[in-house]
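Quick notes on the structure that follows.
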Amino acid sequence: MSLFHKNLPTDEALWKQLLDGNEDALDGLMQRYFRELFHYGGKFSRDDDLIKDCIQDLFLDIWERRETLRPDVFVKPYLLVALRRRIHRVWQMNQLQTDLTTVPDFAADFTVEEHLILSEQTRFIARQMQQLLDGLPARQKEVIYLRYFQELNREQIADVMHITLQSVSNLLQEALRKLRGQWKTDL
């Protein structure tokens, strides 16, 4: 954590303040997590307005239900889970209205190149890694994204994806096995 962020309240402190009715705490959490939530929501829908609406509705719902919410949550995974569910609920309601039959997949547009711009060789490797990640099934992409890009642990990933710890381990292991195998083959 940098010195700039040293005096900011922790997620846990903001959550407790929010549950106690502090609107500034709600605003603090919104400011802290909007960008990450928007980026994560973009993995399920390309409709920016829908994602923004879902995030806004999520925080409004948290505010309205604050008296019934648990004080002992891990804030970031909680918000990711809630946004994921909200997007899927909105998608399902839209399906009933439009009669479509496909389920929204986790569309990973990992921005590996943005993080690896040191040299031409690094950019080449980043493009190769992007192609390998794009070749993974949606659930494996999502577990890789949550683990390595959002830095969530297995328990938090299980909560976000609403799957068992064993499923998280299996998905991670299979994705990494595929990536390693392809990495050796392609490079």
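Values reported hereafter were calculated over all heavy atoms of this structure, with side chains retained and with hydrogens, waters and symmetry mates removed.
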With a cut-off of 6.0 Å (strictly less than), are more than 12 heavy atoms of other residues, nucleotides or ligands near CD of E12?
yes

Should the heavy atoms of other residues, nucleotides or ligands under 6.0 Å from CZ of F38 be counted, would the total exceed 12?
yes

Partner residues of K178 under the salt bridge (charged side-chain N to carboxylate O under 4.0 Å, His left out) criterion, sequence neighbours left out:
none

Can you tell me which residue among Q173, Q166, E174 is in a side chain to side chain donor-acceptor pair (under 3.5 Å) with N170?
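With N170 as partner, Q173, Q166, E174 yield a single side chain to side chain donor-acceptor pair (under 3.5 Å), made by Q166.
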
Once you round to the nearest 0.5 Å, how far does [atom1] of [X] lie from [atom2] of [Y]?
| X | Y | atom1 | atom2 | value |
| --- | --- | --- | --- | --- |
| Q150 | L152 | CD | CG | 6.0 Å |
| K141 | L133 | NZ | CG | 8.5 Å |
| L29 | I62 | CG | CD1 | 7.5 Å |
| C54 | R84 | SG | CZ | 13.5 Å |
| I144 | L132 | CD1 | CG | 11.0 Å |
| L136 | L179 | CG | CG | 4.5 Å |

Return each pair, listed once, that meets salt bridge (charged side-chain N to carboxylate O under 4.0 Å, His left out) where at least one residue sits in residues 145-162; pairs must be two or more places apart or across chains.
none

R32/D11 salt bridge by N-O under 4.0 Å criterion:
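So D11 pairs with R32 through a salt bridge.
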
Carboxylate-amine/guanidinium contact D20 K16, below 4.0 Å:
yes

I'd like to know whether the aromatic ring centres of W91 and F44 sit less than 6.0 Å apart in this structure.
no

Compute the ring centroids of F34 and H39, then answer whether they are less than 6.0 Å apart.
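Between F34 and H39, the centre distance exceeds or equals 6.0 Å.
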
So [Y] and [X], do their side chains get closer than 4.5 Å, heavy atoms only?
| X | Y | result |
| --- | --- | --- |
| D72 | W15 | no |
| D24 | L18 | no |
| L14 | V75 | no |
| E64 | L60 | yes |
| L80 | Y33 | no |
| V168 | L172 | yes |
| L165 | I157 | no |
| L26 | Q17 | no |

Please determine whether side chain to side chain contact (heavy atoms under 4.5 Å, CB included) holds for the pair M30 and I55, giving the CA-CA distance in whole Å, both sets of side-chain angles, and the decisive distance to 0.1 Å.
CA-CA 9 Å; M30 286 173 53; I55 294 170; over 6 Å; no

Taking T68 for the side chain and R65 for the main chain, is one N or O donor matched with an acceptor at less than 3.5 Å?
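Checked: pair present.
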
Can you see which heavy atom on [X] is nearest to which on [Y], and at what distance?
| X | Y | answer |
| --- | --- | --- |
| D47 | S45 | N-OG, 3.1 Å |
| L58 | A82 | CD1-CB, 3.2 Å |
| R139 | L171 | CB-CD2, 4.1 Å |
| G41 | I87 | CA-CD1, 3.6 Å |
| R66 | G21 | NE-CA, 3.6 Å |

By side-chain hydrogen bond (donor to acceptor under 3.5 Å, both in side chains), which residues pair with [X], not counting sequence neighbours?
| X | value |
| --- | --- |
| R35 | none |
| N153 | none |
| R85 | H162 |
| E36 | K76 |

Evaluate the side chain to side chain contact (heavy atoms under 4.5 Å, CB included) criterion for residues W63 and E23: first the C-alpha distance (whole Å), next the side-chain angles of each, then the deciding distance (0.1 Å), finally the verdict.
CA-CA 8 Å; W63 179 254; E23 289 183 38; 3.4 Å; yes

Would you please test D53 and V90 for side chain to side chain contact (heavy atoms under 4.5 Å, CB included) and show each step?
CA-CA 10 Å; D53 288 346; V90 168; over 6 Å; no

Apply the test side chain to side chain contact (heavy atoms under 4.5 Å, CB included) to residues V81 and F74: give CA-CA distance (whole Å), side-chain angles for both, the deciding distance (0.1 Å), then the verdict.
CA-CA 11 Å; V81 167; F74 294 101; over 6 Å; no

Is it true that E142 and Y40 share a donor-acceptor pair across their side chains at a distance under 3.5 Å?
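Yes.
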
